[in-house]
2 protein chains.
Amino acid sequence: MLTLSEENYIKEIYHLDVVADKGISTNAIANKLQTKASSVTDMIKKLADKKVLIYKKYQGVTLTDFGKKAAANIVRKHRLWEVFLVDKLQFSWDEVHDVAEQLEHIKSPKLIDKLDAFLGFPKRDPHGDIIPDKKGNVQAQEQLLLSALIKDDIGICVGVKDSSAAFLQYLDKQKIALGQEIKVIDKEPFDGSVIIKTQNKQFSVSQKIATNLYIQKI
Amino acid sequence: MLTLSEENYIKEIYHLDVVADKGISTNAIANKLQTKASSVTDMIKKLADKKVLIYKKYQGVTLTDFGKKAAANIVRKHRLWEVFLVDKLQFSWDEVHDVAEQLEHIKSPKLIDKLDAFLGFPKRDPHGDIIPDKKGNVQAQEQLLLSALIKDDIGICVGVKDSSAAFLQYLDKQKIALGQEIKVIDKEPFDGSVIIKTQNKQFSVSQKIATNLYIQKI
DNA sequence: AATAATTTTTAGATTAGTCTAAAAATAAAT
DNA sequence: ATTTATTTTTAGACTAATCTAAAAATTATT
Ligand SMILES: [Mn+2]
Ligand SMILES: [Mn+2]
Ligand SMILES: [Mn+2]
Ligand SMILES: [Mn+2]
């Protein structure tokens, strides 16, 4: 059985694992978890003992298959709870994360199965992130950042890379929601900003916005 | 802010407080929480520092108003989650307690308000226990144990005193559910058993059953 | 290749929550 | 009113999770 702290470490390592291909460094973990490197070293030793990850001194860590499954399950719970909060309890998408951080640690396989069914077996969470299935598998997703599109490309807005409240509230303000169609009218090479058209309105978004919004081309 | 352990102590003391009128003894708490008396002594000192309860050496403890409110809030959360599990996720009433023990510690006032509304502001949990309101007040309830009724009394089954899975499953087997009408046909003084009629069936229940079922006379 | 900078690990402390065993206080029984 | 039994508290120890400061290893730079 994993403790709450162990679960948080595993989940963060899992998220870091998606991008990196080498071992995940002690410092990278410490930054994400807002702890000190020395604390991370202590914890990864414990997690290595528990066969959750492979650790060689100074080489960083990689999750074992067991560790990956455990992590995917926590992510699954986190995202299902986020769907619950938004779909059933009318939370807005910028206020669900902290509560889901707590709910993801509730231990009851039955609860998650029933919640999944109650929600209608959702595929994505309110931020467009894919919900891992019961076995820990994550559906591949062919999506691009808005910044990767070119003039005249059309796509559906399917997710956010940054899911901070600030960014989500910006999107709300601009009436950009997931599921919505977006057309790239033009791009400004100088500052990377993108002129888009959505809901019959045409306006410019900065590069920072464009590199944090996932689009599925159609 | 209270830790998970502190919350569990407070909640148990609150439950013990309802019955006893003197201070709650160290041993009573230790028994309920399955810990040692020495651990309880340590914890109640900490809780006294936090103004949750009054503690005088060897005299047991009593909750302060602040402590009572905190406890009622945990109980409120526990019971609302139980309603959610039964009403929305189709759990049976004998399998919700352990999950609710975890969910009751989720910290988010907004979550509980929204959950309460989502559930239609229930007054009682699946075991017939009154759900404290937001301010920590508990509605008075005029209910008797089945064992306190006499021949020809009629009432509605409104709650259980023992909510162990074993007892709840017994009730399921006998098709005794909350909200149901029960008539006392006769009582056997020798062993305290009670002959009841419900749903057109007439049968005898033991004293143990009769002292664990709450009835509201009509 | 040697030196400097950075990262990672170790050593030692701290806090929360728990335990066992012994001491002290209270309650019960002679 | 003593003695005995029970309850409660204290003293000291343990584990989990964290920290600071120092040592060791790795990486980057001259
Ligand atoms: Mn989230
Ligand atoms: Mn999310
Ligand atoms: Mn319960
Ligand atoms: Mn209940």
Side-chain angles (χ1 to χ4, degrees), chain A residues 1-14 16-17 19-63 67 70-71 74 101-102 104-105 107, chain B residues 1-14 16-17 19-63 67 70-71 74 101-102 104-105 107:
Chain A
M1 191 55 73
L2 298 167
T3 67
L4 188 142
S5 255
E6 288 170 345
E7 289 193 339
N8 282 331
Y9 273 87
I10 293 173
K11 189 185 50 162
E12 254 358 296
I13 295 168
Y14 176 81
L16 289 167
D17 219 352
V19 274
D21 33 72
K22 296 176 287 184
I24 310 302
S25 78
T26 303
N27 259 357
I29 299 168
N31 283 334
K32 283 281 177 190
L33 289 170
Q34 308 265 62
T35 55
K36 301 295 166 176
S38 55
S39 307
V40 174
T41 302
D42 283 348
M43 182 56 95
I44 61 186
K45 283 178 184 170
K46 220 188 323 167
L47 292 174
D49 288 347
K50 289 198 177 188
K51 311 289 183 200
V52 163
L53 48 79
I54 307 293
Y55 167 56
K56 277 213 209 106
K57 271 191 194 176
Y58 296 98
Q59 304 312 129
V61 300
T62 43
L63 291 177
I74 301 165
E101 282 294 307
Q102 298 179 61
E104 73 190 3
H105 301 290
K107 283 166 184 65
Chain B
M1 191 56 74
L2 298 168
T3 67
L4 189 142
S5 255
E6 287 171 344
E7 289 194 341
N8 282 331
Y9 273 88
I10 292 173
K11 188 185 49 162
E12 256 354 299
I13 295 168
Y14 176 81
L16 288 166
D17 218 353
V19 273
D21 32 75
K22 294 176 288 182
I24 311 300
S25 79
T26 303
N27 259 356
I29 299 167
N31 283 334
K32 283 282 177 189
L33 288 171
Q34 308 265 64
T35 55
K36 302 294 166 178
S38 54
S39 307
V40 174
T41 303
D42 284 349
M43 181 58 94
I44 59 187
K45 281 178 184 170
K46 218 189 324 168
L47 292 174
D49 287 346
K50 290 199 176 188
K51 312 290 183 197
V52 163
L53 48 78
I54 307 293
Y55 167 57
K56 275 215 210 105
K57 272 192 193 176
Y58 297 98
Q59 303 312 130
V61 299
T62 43
L63 290 176
I74 302 165
E101 282 295 308
Q102 298 179 62
E104 73 191 3
H105 300 291
K107 282 166 185 64

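Chain identifiers are assigned alphabetically (A, B, ...) following the order of the sequence lines, protein sequences preceding nucleic acid strands; residue numbering begins at 1 within each chain.
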J.: Going by the rule side-chain hydrogen bond (donor to acceptor under 3.5 Å, both in side chains), which residues pair with B:Lys50 if we only count those two or more places apart in sequence or in a different chain?
T.: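 Residues passing side-chain hydrogen bond (donor to acceptor under 3.5 Å, both in side chains) with B:Lys50: B:Glu6.
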J.: Are more than 12 heavy atoms, taken from residues, nucleotides or ligands other than A:Lys51, located less than 6.0 Å from that residue's NZ atom?
T.: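 Check fails, neighbour count at 12 or below.
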J.: What is the distance, rounded to the nearest whole Å, between atom CD of A:Gln34 and atom P of D:dC19?
T.: 10 Å
J.: State whether A:Ser39 places a side-chain N or O below 4.0 Å from either non-bridging phosphate oxygen (OP1 or OP2) of D:dC19.
T.: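 It does, given that an N or O in the side chain of A:Ser39 lies less than 4.0 Å from OP1 or OP2 of D:dC19.
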J.: Taking only residues two or more places apart in sequence, or in another chain, which ones meet B:Gln59 in a side-chain contact (heavy atoms from CB on, under 4.5 Å)?
T.: B:Lys56
J.: Could you work out, with side-chain contact (heavy atoms from CB on, under 4.5 Å) as the rule, every residue matching A:Ile74, not counting sequence neighbours?
T.: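 A:Ile74 satisfies side-chain contact (heavy atoms from CB on, under 4.5 Å) with A:Glu7, A:Lys11, A:Glu104 only.
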J.: Could you tell me whether the phosphate oxygens of D:dA16, OP1 or OP2, come under 4.0 Å of any side-chain nitrogen or oxygen in A:Tyr9?
T.: no
J.: Mark up nucleotides 3-10 of chain D, 5' to 3', with B wherever a protein heavy atom is under 4.0 angstrom from a base atom, S wherever such an atom reaches only the sugar-phosphate, and - elsewhere.
T.: ----SSBB
J.: Roughly how many Å is it from CE in B:Met43 to C1' in C:dT15, rounded to a whole number?
T.: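 Rounding to the nearest Å, CE of B:Met43 and C1' of C:dT15 are 13 Å apart.
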J.: Does anything in residues 24-43 of chain A pair up under salt bridge (charged side-chain N to carboxylate O under 4.0 Å, His left out), and if so which pairs, sequence neighbours excluded?
T.: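 Residue pairs passing salt bridge (charged side-chain N to carboxylate O under 4.0 Å, His left out), neighbours aside: none found.
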J.: State which residues pass side-chain contact (heavy atoms from CB on, under 4.5 Å) with A:Thr62; sequence neighbours excluded, sorted by chain then number.
T.: A:Ile54
J.: Using atom CG of B:Asn8 as one end and atom P of C:dA16 as the other, report the distance to the nearest whole Å.
T.: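 Rounding to the nearest Å, CG of B:Asn8 and P of C:dA16 are 17 Å apart.
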J.: Could you tell me the separation between the NZ atom of A:Lys36 and the C1' atom of D:dA22, rounded to a whole number of Å?
T.: 16 Å
